[in-house]
Each structure stands twice: as C-alpha cells, then as structure tokens.
Amino acid sequence: MSRDNAERHLTEANHSTDAADSPQVVNLTALAGDGIGPELVKSALTVMESACAIKGVELVLNEERGGAALYQETGAALLPGALDRLRRADGVLKGPVGLPEVRKPDGTEAGLLGGLLRIGLDTFANVRPIRLLPGVAAATRAEPGSIDYVIIRENTEGLYLSRGAGVRNYHAAVDQMLITRAGTERIARFAFEKATHRTGAPRDGVRRVTCVDKSNVLRSFALFREVFDEVAAEYPHIEADHIYADAAAHALVVEPDRFDVLVMENFLGDILSDLGAGTVGGLGMCPSGNIGIDAAYFEPIHGTAPTIAGRNLANPISQILSGAMLLQHCGQEGSARLITTAVERAFADGSIRVLPSGGPANGTEAVTEAVVERLTA
Ligand code: ATP
C-alpha cells in the first residue's frame, strides 16, 4: 500500500470526499480463505469489478493463499513472503479463514490469520461500521438510521496478544492482557480522527467517541481509560464519553442511537461487534477494515461458517461492503459509493432479504446479481 493511502486514511479516517477519484488503477490482492470465504470473495470481486468498470478504474487482481486449508497442506497459514506481497498491494480483500477441525496441539484453531496479519502488518486499527440499512429486518426494534456507529477495535495488543503465548498445563491455563500507552494513544487518536469526519450520533448529531472498558475492575483498562482521556483533551470539539463494557452490551441493544464512534481493547471489540451485528441483520451484514501505516486489509467480521460453505447460502454483503471500504481507502470514492448505494437500493426495494438464520432468501449469487444490477453511474 502506498504511504499516501495510509496517511490519508489515518488523517481523514475513511471520510467520504467528493474529490475526483485517483489514480485510475488499483492493485488488489485477494485472499479467499476457507469455508464460505471463496464464494464471498468471488461475489465481492464481481461487484467491485463492475463498479470500477463504470467509473473507468482498472482493478488489477493478484491472488494470495492463506488459512486453515493451506495450514493442513503445508504446516503454515501463509506462504513465504506473503506479508511483503500484501504490504505492496494498494489494498487486500480477505475472506474469513479457519476450519473448526484444524487445531493445534493446545486446542486452539490453526490456520487463523488474525495474529499473523494484524501484528505482521501492524494494522492496529480495526474499523467495524455497524449500520442498520432501510429494508433490513433486524432482531431488535430499531428504525433505519437509528443505528449508525463505528467500533474501533485495537488490533495489536489487548488480551489476544497472548494468543499462542499463554501458559497452559493439565490443571490450569493463563492468558495475559497487555495495554500500552503507545498502543492506546494511537488507537484513541484514530477514533477521534474518525469522529471528526463523521456526522455524529443518530440521536443528537453530536460527534462523540465512547471509550469502552472495565476500568472499574482491571488496572490494564484503567490505563486504557487514562490515556484515552489524555488524547480526548486534544479534541475539544468532540464529546468524550465512557461506558463499562457490560453496560455497553446492554446499551448497544436498547439505545444504539446514542453511539457514534466507540473505541476499545481487542477482545472487547471482537465480542461487541458481533453483538452490534445482531442488531443490524446479522454477521453477514458487517464489513471491516484493518488499517495500519504501511498496509490495510478488508474482511467480513464473521468466520467461515463451514456448515453452509459451497451451498449458495451465505450472505455476501459483509464481503461486498468490505470491498467498498477497500476502494474508499484506495481513493476510489466514486466506485465505493456506487457499491454502497447499490446495496442500499437492493434492500430498500426488497430484492435482497436476509432470513433469521443469517442467510439471504434467494442465495449468495442472487444477492450478487441484485447489487450488480443496481450499480448505476
Ligand atoms: P469466528 O470466531 O471466526 O468469527 P465463529 O465460529 O464465531 O467464527 P461464524 O463462522 O462467524 O462463527 O458463524 C457464526 C454463525 O453465523 C454461524 O451459524 C454461521 O452459519 C452464521 N454466519 C456467519 N457468517 C454468515 C454469512 N455471511 N451468511 C450467513 N450466515 C453466516
């Protein structure tokens, strides 16, 4: 990824601009992954290619392998040199990875890429927009427009830094959580930059960053909050808000319109974004971006759903919207907006309907076609 892209993202924090798209070539690397990954990535690429063609943008596609199937074959979840290749791409579109039966001797899943990519590429900010679109049936009562917030999940430390490093014997196991001043400072600043370019919370239009933690119980979270407050002082035009994580789980269900941007530690972000997904039509509705200085990759927030893989049952919207985030990150605002508008239209006119199971009523391919048909300049 070019440093220009990274700097723009970090300062504009994915903000939409009306400036002309530039440049007209995007070098995209696709990593299809496991389970439903390949069908989702295929769907998203179809949509992205159509949108880019309309806007006169050339999408140059490279492919990279990675995940649990590769681990089974080779004993490694990535091929040699993969991180360098991914770093060189303008953007990376990644499908979910992991297969429940592929395990390490310690019982954890093998072939997951979260640690390898997030730490390896230092993509420290995990941007997870949670938005209820008109026409989407949600599990909770909410009007379209009343749920529109972004979770900024710290991606490189927190509890998950302990993956593969905790202590374990027959009787006991321990994993430790690391919170650093530097890591918290950069993620808090990213969150405030993000809020600067948004229009505020649905309830009151106030630009607000909410720090989610358990600083009432753990010292690590107390440091997280302390550093958050220091960064907040640099942004007097944005409201700094605090909530404990357990209260946040409740509030995200009963008063989601209060939230604009939420920033939190890695493990909390993983859990609360799945909760948020439940309020906007399910996991298959939610895209994400993993953003660093030298690299960025975009993927659905969910896993590989192996039980429905290859059966035309998966909802590809999470992957399609991840593709739109990627294009926006690469400066292709016009192509990105074409895609998000087409998705919104397809839900609003009833051509896409998501079942309570999370799958689309007419299948993965029909969703792809419905979105492509609605890509109009
Ligand atoms: P991970 O921990 O990697 O996020 P997981 O084991 O929690 O994965 P998922 O694969 O995310 O589980 O799936 C959770 C549930 O959501 C499953 O019932 C799955 O079938 C469903 N699901 C996930 N993604 C989709 C999708 N895109 N379309 C339809 N159903 C989905």
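Just so you know, ligand 1 is whichever comes first in the structure, and atom 1 is the first atom listed for that ligand. Nothing fancy with the numbering, it's 1 onward along the sequence.
Between Tyr235 and Phe192, the angle of the ring planes stays under 30°, which puts this pair in the parallel group of the 30/60° scheme.
When heavy-atom distances to ligand 1 are checked against a 4.0 Å cut-off, Thr304 comes that close only through its backbone atoms N, CA, C and O.
Around atom 13 (O) of ligand 1, the closest heavy atom drawn from Leu112, Leu283, Val367 belongs to Leu283. One option in Ala309, Gly359, Pro316, Gly303 has a heavy atom closer to atom 4 (O) of ligand 1 than any other, and that option is Gly303.
Here Arg258 does not pair with Glu239 in a salt bridge; the nearest charged N to carboxylate O distance is not below 4.0 Å. Salt-bridge formation is not detected for the pair Asp260/Arg207: no Lys NZ or Arg NE/NH1/NH2 atom is positioned less than 4.0 Å from an Asp or Glu carboxylate oxygen. One finds a salt bridge joining Glu226 and Arg181 here, because a Lys/Arg side-chain nitrogen approaches an Asp/Glu carboxylate oxygen to under 4.0 Å. Under a 4.0 Å N-O distance rule, the pair Asp106/Arg168 does not qualify as a salt bridge.
Not a single donor-acceptor pair under 3.5 Å links the side chain of Asn315 to the backbone N or O of Pro360. The main-chain N or O of Arg225 is never found under 3.5 Å from a side-chain atom of Asp213 such that the two would form a donor-acceptor pair.
Nearest protein neighbour of atom 19 (C) of ligand 1, counting heavy atoms only, is Ala305 CB, 3.6 Å. The closest protein non-hydrogen atom to atom 7 (O) of ligand 1 is Asp274 OD2, 5.0 Å. In this structure, the protein non-hydrogen atom closest to atom 25 (C) of ligand 1 is Ile36 CD1, 4.1 Å.
Using a 4.0 angstrom heavy-atom cutoff, Gly98 does not count as in contact with ligand 1.
Counting protein heavy atoms under 4.0 angstrom from atom 17 (C) of ligand 1 gives zero. Counting protein heavy atoms under 4.0 angstrom from atom 27 (N) of ligand 1 gives one or more.
If you number the atoms of ligand 1 from 1 as listed, the ones under 4.0 Å from a heavy atom of Ile308 come out as 29 (C), 30 (N).
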